[in-house]
Number of protein chains: 2
Amino acid sequence: MDVFEAIAEPSRRELLDLLAERERPAGELVARLDRLTQPAVSRHLRILREVGLVEVRPDGQRRIYALRADRLIEIENWISRYRKYWPRHLDALEQHLSRTQEESPE
Amino acid sequence: MDVFEAIAEPSRRELLDLLAERERPAGELVARLDRLTQPAVSRHLRILREVGLVEVRPDGQRRIYALRADRLIEIENWISRYRKYWPRHLDALEQHLSRTQEESPE
DNA sequence: AGGAAGTATTACAGGAGGCGTATATACAGT
DNA sequence: ACTGTATATACGCCTCCTGTAATACTTCCT
């Protein structure tokens with residue numbers, strides 16, 4: 001499975017969204033995706049792990065999952081070739097600029 | 001099928017890449033994806049049509065397919081929330097800037 | 001009208017992916 | 001050691017996707 005297929009699944013995108021806020025133990029992710037059973041979530045996490053979109057760190061009997069967003073660059077690169085084709089691409093770009101300036105004070 | 005699933009398929013990304021260069025009749029696309037049969041390509045085109053990523057225009061017995069890249073904004077928007085998490089996001093952004101300035105003289 | 005070219009649709013088979021239930025594994029606390 | 005908690009794996013089922021082959025539809029040309 002590649003990154004494109006990995007993010008094609010809505011539940012997996014939801015997991016990534018949750019991990020974008022902060023890292024979380026698996027159980028917390030299971031609690032949030034309450035329409036799915038624990039094994040289902042665990043399997044989605046495995047897939048995200050396999051494509052490198054998340055990292056796991058053991059913490060006692062827990063597993064702490066964390067986002068590794070840089071694997072999304074593959075998609076970013078593919079999609080960037082198309083930006084010039086949609087009408088107001090400069091607007092989107094400017095929005096991005098102001099957004100990153102606000103939110104990443106590093 | 002949504003846009004995320006549509007672009008998860010490598011052949012469909014290849015079709016979009018070909019249509020990004022210029023619009024093309026279906027037969028030309030079939031010729032380019034010579035690992036697939038004509039019906040297979042035709043169905044991929046149908047899916048791309050259904051999610052709005054391409055448009056069709058009849059030209060006699062031909063069908064001319066054209067890209068509608070603005071439907072990719074959905075993915076762009078989702079992924080933009082993650083850009084701040086990968087290290088050198090400004091580099092990628094600057095690359096994009098110079099690239100679009102070179103390539104879109106409109 | 002009839003045949004050829006271009007494209008779409010249908011029918012069918014194979015395979016992959018997702019889900020839940022049940023089970024296994026690992027660690028923690030007593 | 002035993003028990004409970006946290007997570008992962010195994011298995012069976014079902015659905016959906018993809019591919020090919022065959023067929024239908026439409027337009028063009030003579």
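Letters A, B, ... are given to chains in the order of the sequence lines, protein chains preceding strands, and every chain is numbered from 1. Keep in mind that what you see is a predicted model, and the values were worked out from it rather than measured.
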Provide, to the nearest angstrom, the distance between the CG atom belonging to L45(B) and the P atom belonging to dA8(C).
7 Å

Near DNA chain C, which residues from residues 21-34 of chain B have a heavy atom under 4.0 Å away?
P25(B), A26(B), G27(B)

With R13(A), which residues qualify under side-chain hydrogen bond (donor to acceptor under 3.5 Å, both in side chains), at least two apart?
none

Does the side chain of Y65(A) get closer than 4.0 angstrom to OP1 or OP2 of dA8(D) through an N or O atom?
yes

Under 4.0 Å protein heavy-atom contacts per nucleotide of nucleotides 15-22 of chain C, with B for base, S for backbone only and - for none
--SSBBBB

Between the main-chain N or O of A6(A) and the side-chain N or O of R12(A), is there a donor-acceptor pair closer than 3.5 Å?
yes

Identify, with sequence neighbours excluded, every residue that meets salt bridge (charged side-chain N to carboxylate O under 4.0 Å, His left out) alongside R46(B).
E50(B)

Ignoring hydrogens and angles, tell me if any N or O in the side chain of R71(B) forms a donor-acceptor pair with the backbone of V3(B) under 3.5 Å.
no

So E9(A) and I47(A), side-chain contact (heavy atoms from CB on, under 4.5 Å) or not? Walk me through it.
CA-CA 11 Å; E9(A) 222 288 330; I47(A) 289 169; over 6 Å; no

What pairs with R63(B) under salt bridge (charged side-chain N to carboxylate O under 4.0 Å, His left out), at least two apart in sequence or on another chain?
none

Nearest atoms (heavy-atom pairs only) where Q38(A) meets V30(A)
CA-CG1, 3.9 Å

Provide a list of protein-nucleic acid N or O atom pairs under 3.5 angstrom, restricted to nucleotides 24-30 of chain D.
| residue | atom | partner | partner atom | Å |
| --- | --- | --- | --- | --- |
| dT27(D) | O2 | Q61(B) | OE1 | 3.1 |

I'd like to check the side-chain hydrogen bond (donor to acceptor under 3.5 Å, both in side chains) partners of E14(A); sequence neighbours left out, ordered by chain and number.
R35(A)

Axis-to-axis angle across the helix from dA1(C)-dT30(D) to dT30(C)-dA1(D), five pairs an end, to 10 degrees?
20°

Listed partners of R49(B) passing side-chain hydrogen bond (donor to acceptor under 3.5 Å, both in side chains), at least two apart
Y65(B)

Grab the CD1-C1' distance between I64(A) and dA26(C) for me, whole Å please.
15 Å

Partner residues of R62(B) under the salt bridge (charged side-chain N to carboxylate O under 4.0 Å, His left out) criterion, sequence neighbours left out:
none

Side-chain donor-acceptor pairs under 3.5 Å in residues 16-28 of chain A, sequence neighbours left out?
| residue | atom | partner | partner atom | Å |
| --- | --- | --- | --- | --- |
| D17(A) | OD1 | W78(B) | NE1 | 3.2 |
| D17(A) | OD1 | R81(B) | NH2 | 2.9 |
| D17(A) | OD1 | Y82(B) | OH | 2.4 |
| D17(A) | OD2 | R81(B) | NH2 | 3.1 |
| E21(A) | OE1 | R24(A) | NH2 | 2.7 |
| R22(A) | NH1 | E28(A) | OE2 | 3.2 |
| E23(A) | OE1 | R57(A) | NH2 | 3.1 |
| E23(A) | OE2 | R57(A) | NH2 | 2.3 |
| R24(A) | NE | L18(A) | O | 3.0 |
| R24(A) | NH1 | E28(A) | OE2 | 2.5 |
| R24(A) | NH2 | L18(A) | O | 3.4 |

Measure from CD on E50(B) to C1' on dT18(D) and round the result to the nearest Å.
15 Å

Quick one: side-chain hydrogen bond (donor to acceptor under 3.5 Å, both in side chains) partners of E74(B), sequence neighbours excluded?
none

Send over the distance from L48(A) CG to dA8(D) C1', rounded to a whole Å.
15 Å

Checking the side chain of S42(B) only, and the main-chain atoms of P39(B) only, is there a donor and an acceptor separated by less than 3.5 Å?
no

